[in-house]
Asks: 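Below you'll find the structure I mean.
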Amino acid sequence: MKTLKDAKIGETVRVVKLHGEGAVKRRIMDMGITKNAEIFIRKVAPLGDPVEVTVRGYELSLRKADAEMVEVE
């Protein structure tokens with residue numbers, strides 16, 4: 001299983017599944033990260049947290065913990 005945290009800079013991935021429960025999962029979905037969404041990895045901070053991505057035409061920064069909940073291919 002590959003997660004958004006494992007994706008490399010410059011890579012475009014597609015969301016397969018969202019893990020997590022309740023409010024956390026809802027917050028990720030509210031940011032536009034839903035099943036089959038295309039995500040481009042723009043930058044990763046030196047210590048790996050946060051990850052900057054482009055999804056649905058806008059830029060978004062995700063914490064490492066949130067990025068681990070997004071399964072991609």
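Computed over heavy atoms, backbone and side chain alike; hydrogens, waters and symmetry mates excluded. Starting from 1, each residue takes its place in the sequence as its number. Just so you know, these numbers come straight off a predicted model, no measurement behind them.
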Asks: Let me see the working for Met1 and His19 under side chain to side chain contact (heavy atoms under 4.5 Å, CB included), right down to the final yes or no.
Replies: CA-CA 12 Å; Met1 176 180 92; His19 299 277; 3.6 Å; yes
Asks: Does the pair Arg42/Glu52 count as a salt bridge with the N-to-O cut at 4.0 Å?
Replies: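 Judged by the 4.0 Å cut-off on N to carboxylate O distance, Arg42 and Glu52 do form a salt bridge.
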Asks: Heavy atoms only: give me the nearest Thr34-Leu18 pair and the separation to one decimal.
Replies: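 Result for this residue pair: CA-CD1, 4.5 Å.
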Asks: Of the non-hydrogen atoms in Ala37 and Gly32, which two are nearest, and what is the gap between them?
Replies: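 Minimum heavy-atom contact is CB-O, 4.0 Å.
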Asks: Hey, any chance Val51 and Phe40 share a hydrophobic cluster, counting ILVMFWY side chains that come within less than 4.5 Å of each other, even indirectly?
Replies: no
Asks: So which atom in Val16 and which in Val72 form the shortest heavy-atom distance, rounded to 0.1 Å?
Replies: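 Residues Val16 and Val72, closest heavy atoms: CG2-C, 3.8 Å.
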Asks: Count I, L, V, M, F, W, Y as connected when their side-chain heavy atoms are under 4.5 Å apart, and connections chain through other members. Are Met69 and Val55 then in the same cluster?
Replies: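 Linked within one cluster.
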Asks: Supply the atom-to-atom distance Thr54 OG1 to Ile41 CD1, rounded to the nearest 0.5 angstrom.
Replies: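 Between Thr54 OG1 and Ile41 CD1, I get 9.0 Å after rounding to 0.5 Å.
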Asks: For residues Thr12 and Glu38, report the shortest heavy-atom separation together with the two atoms involved.
Replies: CG2-OE1, 3.3 Å
Asks: So how far is it from Lys43 NZ to Glu59 CD, rounded to the nearest 0.5 Å?
Replies: 8.0 Å
Asks: For residues Leu47 and Lys64, report the shortest heavy-atom separation together with the two atoms involved.
Replies: O-NZ, 3.7 Å
Asks: Please name the residue in the list Ile28, Thr3, Val13 that meets the side-chain contact (heavy atoms from CB on, under 4.5 Å) test with Val70.
Replies: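 Only match with Val70 under side-chain contact (heavy atoms from CB on, under 4.5 Å): Ile28.
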Asks: So, for Lys2 and Ala7, which heavy atoms are closest and what is the spacing to 0.1 Å?
Replies: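 Scanning both residues, the minimum pair turns out to be CE-CA, 4.0 Å.
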Asks: Atom NZ in Lys17, atom CG in Asn36: separation rounded to 0.5 Å?
Replies: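 It comes to 14.0 Å.
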Asks: Under a 4.5 Å cut-off applied to non-hydrogen side-chain atoms, are Ile39 and Leu4 in contact?
Replies: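 Contact flag for Ile39/Leu4 side chains = yes.
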Asks: Any carboxylate oxygen within less than 4.0 angstrom of a Lys/Arg side-chain nitrogen, looking at Arg27 and Asp30?
Replies: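 A salt bridge is absent here (no side-chain N lies under 4.0 Å from a carboxylate O).
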Asks: Would you mind reporting whether Leu62 and Ile33 have side-chain heavy atoms less than 4.5 Å apart?
Replies: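 With C-beta onward as the side chain, the pair touches.
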